[in-house]
Amino acid sequence: MFDKVRVRFAPSPTGGLHLGGVRTVLFNYLYAKKYNGDFIVRIEDTDQGRFVEGAEKYIFNCLDWCGLVPDESIFHGGPYAPYRQSERKAIYRQYAEQLLKKGNAYYAFDTTAELEFMRERLKSEGSNSLQYDHRIRMSMNNSLRLSAEETKGLLDAGTPYVIRIKVNPGEPVSFTDMIRGDMEFDTNNVDDKVLLKADGMPTYHLAVVVDDYLMKISHAFRGEEWLPSAPVHILLWKYLFGLDQMPQWAHLPLILKPDGNGKLSKRDGDRLGFPVYAMDWTDPITNDITKGFKELGFLPEAFINLLAVLGWNDGTEQEIFSLEELIDKFSIERVHKGGAKFDFEKAKWFNHEWIKKLGIGHYEGRVKEIFEKNGIRIADDQYLHKVMGLIKERCVLLPDFYTQGVLFFEAPNAYDEVSVKPKWNDDKKSYFNDIIELFEHLEAWDAVAIEEAFKLLASQKNIKAGELQMIFRVMLVGGKTGPAQFVIAETIGKAETIKRVRNALEVFG
RNA sequence: GGCGCGUUGGUCAAGGGGUUAAGACGCCUCCCUUUCACGGAGGAAUCACGGGUUCGAAUCCCGUACGUGCUACCA
C-alpha cells in the first residue's frame with residue numbers, strides 16, 4: 001500500500017516546544033529512520049489567531065539541537081511543498097466541496113450566539129450531549145434543514161458559514177492502533193465537526209487528513225488527546241480517499257506532571273523548578289523567558305534518551321541509548337498505553353550518565369561559554385580540557401563544570417574555617433611554612449611527587465597526614481570539595497599552589 | 001454530565017496463568033576516600049479494590065473506585 005515509510009510531525013507555531021511534543025517527534029522519527037523512511041515537518045498554522053511570531057524558527061532550532069533532522073519541511077523543501085498549511089488553503093476547500101457534493105458534509109450558518117443558545121437549551125433539557133450532532137442538526141440553521149433555495153440565497157448573500165461533516169449514526173468506525181490494538185467507535189456520539197471555518201481555513205480535522213493523503217504519510221503517531229476525534233478522521237479518510245489509503249495510527253500516552261495528576265504543563269515546570277520546553281522560549285509579546293533543557297545544561301543525547309524511555313523500553317535492562325541504538329531497537333508496539341509522570345531527578349541522572357559517557361569534546365564549547373559568561377576567560381583550551389577531565393564524573397548538568405571547576409582558575413576568597421580551626425595549631429602552621437619551602441625545591445611537579453613530599457614532611461614532624469590533607473584542601477579550594485588535593489595542586493601548578501598556601505596561612509594566623 | 005483511554009514500590013518500569021514479582025531513579029546503611037563525587041555491598045518499599053474463571057491469577061472475564069483526555073469555527 002505504501003512503498004515507503006513516511007511520518008510527520010505537525011506542530012502549531014504557538015509557543016515553546018513541550019517535552020511531549022519532542023517525544024512525539026522522536027517516536028515518529030525513530031520509526032521512520034528504522035525503516036529508512038522520511039520524516040516530514042508540517043506547520044499547522046490554520047488558526048491565525050494563535051500564531052506566534054518566531055515560533056516556527058524556534059521549533060526547527062529545537063529539532064536541530066536534538067539531532068532530529070527533517071527530510072522535508074518549510075526549511076528543508078521537498079516534493080510536497082508547501083509545508084505550511086496556511087499556504088495550502090485552497091486545497092482544503094476543494095476537498096470540503098467534494099464532501100459537500102457527495103452528501104458527507106453540509107453548510108452551517110449558525111452564529112456563535114445560536115450555538116451557545118443550542119448548548120444552553122440542551123443543558124436545560126438535561127441532555128448528556130452538548131454536541132452539534134445528528135440529534136440536533138435538523139433543528140439548526142444549516143443546509144440539511146434549509147431548502148436548496150434558502151441555502152443558495154444565504155450563500156449568495158455572503159452569509160458566513162462553516163462546512164461540517166455529516167456523521168451518520170450507526171455507521172461502524174474502527175481502526176487498529178499500533179499501540180492500543182483494535183479500536184471501535186460508536187458514531188452515535190460523534191459530533192458533526194467543523195471542517196472548514198468561516199474564514200476559509202480548514203480545521204485540524206480536515207487538514208490532517210488531506211495533507212496526510214497528499215503527502216503520502218504512511219504512519220501517523222500523535223498524542224492520546226486525539227483519540228476521541230479519531231473517528232472523524234477515519235470517516236474523512238473513508239469518504240475522501242478510501243480506507244486502504246489511510247496511514248497506520250498510534251496514539252501516544254501523555255506525559256504527566258510529577259506531583260498529583262494531569263498533563264504536564266509549562267506552569268508545572270515553573271512551579272516545580274524544572275524545564276518543560278526543549279530550549280529557552282521568549283514570548284515575543286511579554287518577553288518572558290521560559291527555561292529550556294538545553295540552557296539548563298542538558299546534553300541533547302541525554303534529552304533524547306530520557307524522552308525515549310518515558311513510556312517505552314526495549315524489554316531489556318538497558319536504559320542508556322544513543323540515537324542510533326534507539327533507531328535500531330525502537331518498536332512502536334512496545335510503547336506503553338498509560339501516561340508516565342515526569343521525574344526530573346531521573347532526567348538529571350540521564351544527563352550525568354551522558355556527560356560521563358561522551359568525550360569532553362562533545363560539550364567543551366558549551367562549557368567554555370558558561371565559564372566566560374561567569375567572567376572567567378579561558379585563555380588555554382588545553383587547560384580547560386584537562387580540568388574537565390578531572391571533574392566530569394561529578395557534573396550532572398553543564399553549569400556544574402563551572403561550579404566544580406572554578407577552583408582551577410581562581411583562588412578561594414573564603415575558607416571553611418569551621419573545619420580548619422579546631423585542627424589548627426602552631427605545629428601545623430610550621431608544617432605549612434616548611435612545605436612551601438619543600439615545594440619550591442621540588443623537581444618534578446606531579447601529584448605523586450607532591451604527595452610523597454607532603455607525607456614525608458608529615459611523618460618527620462610527627463603529624464597525622466590526614467588532618468593536614470584536609471587543611472591543605474581548604475587552603476587550595478576554600479572548602480572540603482573537589483578532586484584529590486594533590487591532583488589539584490599538580491593541575492594549578494607550583495606557583496599557584498604556593499601562593500594559595502601563603503594566602504591561607506595569613507588568614508588562619 | 002456524556003464518551004474515550006488508562007491503573008505493577010514515591011517515580012520510570014520488566015513481566016501476558018505457576019517467578020523469592022527483574023532492573024533503574026530517589027531515599028537509607030555500610031565499604032572505598034580523612035573532602036565531595038565516582039565506584040562497590042546491602043536495605044526499606046509494589047501488583048487500586050471487589051467478585052468471578054482456574055488446581056493455581058499481577059497476568060483472563062465482569063463490576064467498582066480512582067486518574068486522565070475529549071466534549072471549540074484550538075491544535
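The chains referred to below are lettered A, B, ... by the order of the sequence lines, with proteins before strands, and numbering in each begins at 1.
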In residues 305-316 of chain A, which residues come under 4.0 Å of RNA chain B by heavy atom? A:Val309, A:Leu310, A:Gly311, A:Asn313

From [atom1] of [X] over to [atom2] of [N], roughly how many Å is that when rounded to an integer?
X	N	atom1	atom2	result
A:His336	B:A14	NE2	P	3 Å
A:Phe350	B:U11	CZ	C1'	12 Å
A:Asp186	B:G2	CG	P	15 Å
A:Lys257	B:C12	NZ	P	15 Å
A:Glu417	B:U35	CD	P	21 Å
A:Leu407	B:A37	CG	P	16 Å
A:Ile320	B:G23	CD1	P	17 Å
A:Glu319	B:U11	CD	P	16 Å

Using atom [atom1] of each nucleotide, how far apart are [N] and [M] to the nearest Å?
N	M	atom1	answer
B:U20	B:C62	C1'	32 Å
B:C61	B:G16	P	15 Å
B:C49	B:A57	P	15 Å
B:G6	B:G10	P	23 Å
B:G9	B:A24	C1'	13 Å
B:C12	B:G63	P	27 Å
B:U33	B:A44	P	28 Å

B:U11 OP1/OP2 closer than 4.0 Å to side-chain N/O of A:Lys346: no

Whether A:Lys356 contacts B:G39 is assessed here as follows: a side-chain N or O lying under 4.0 Å from the phosphate OP1 or OP2. Is that the case? yes

Stem list, RNA chain B (Watson-Crick or G-U pairing under 3.5 Å, at least 3 consecutive pairs): B:1-7 with B:65-71, B:10-12 with B:23-25, B:27-31 with B:39-43, B:48-52 with B:60-64

Does NZ or CZ of [X] lie under 6.0 Å from the centre of the six-membered ring of [Y], at an angle within 45° of the ring axis?
X	Y	result
A:Arg164	A:Tyr107	no
A:Lys428	A:Trp424	no
A:Lys346	A:Trp349	yes

Mind checking if [X] touches a base, just sugar-phosphate, or nothing, with heavy atoms under 4.0 Å?
X	result
A:Glu467	base
A:Met183	sugar-phosphate
A:Gly338	sugar-phosphate
A:Leu254	sugar-phosphate

With sequence neighbours excluded, what pairs up with A:Glu53 under the salt bridge (charged side-chain N to carboxylate O under 4.0 Å, His left out) test? none

Ignoring the backbone of [X], work out which of [options] is nearest its side chain.
X	options	result
A:Glu393	B:U35, B:A37, B:G15	B:A37
A:Ala340	B:C12, B:C25, B:U34	B:C12
A:Arg334	B:G15, B:A22, B:G10	B:G15
A:Lys480	B:U11, B:U34, B:U35	B:U35

Protein heavy-atom contacts under 4.0 Å, written 5' to 3' over nucleotides 70-75 of chain B as B (base), S (sugar-phosphate only) or - (none), form the string SSSBBB

Donor-acceptor pair between [X] and [Y] side chains, under 3.5 angstrom:
X	Y	answer
A:Tyr106	A:Asp192	yes
A:Asp110	A:Tyr132	yes
A:Gln404	A:Lys392	no
A:Asn188	A:Asp186	yes
A:Asp199	A:Gln48	yes

Using heavy atoms to find the nearest nucleotide of RNA chain B for A:Glu451 and A:Lys337 separately, return the residue whose nucleotide is more 5′. A:Lys337

Show your reasoning for whether salt bridge (Lys or Arg N to Asp or Glu O under 4.0 Å) applies to A:Arg271 and A:Asp259. CA-CA 11 Å; A:Arg271 181 171 55 84; A:Asp259 63 334; 2.9 Å; yes

Within residues 219-228 of chain A or reaching into it, pairs that qualify as side chain to side chain donor-acceptor pair (under 3.5 Å) - sequence neighbours excluded: A:Arg180-A:Glu224, A:Tyr204-A:Arg222, A:Arg222-A:His233, A:Arg222-A:His251

SB check A:Arg42 A:Glu44 (cutoff 4.0 Å): yes

Heavy-atom pair with the smallest gap, counting every atom of A:Trp312 and A:Ser331: NE1-O, 3.3 Å

Donor-acceptor contacts, no H, no angles, side chain residues 411-418 of chain A, under 3.5 Å, sequence neighbours left out:
from, atom 1, to, atom 2, distance (Å)
A:Asp416, OD1, A:Ser419, N, 3.3
A:Asp416, OD1, A:Ser419, OG, 3.3
A:Asp416, OD2, A:Ser419, OG, 2.7

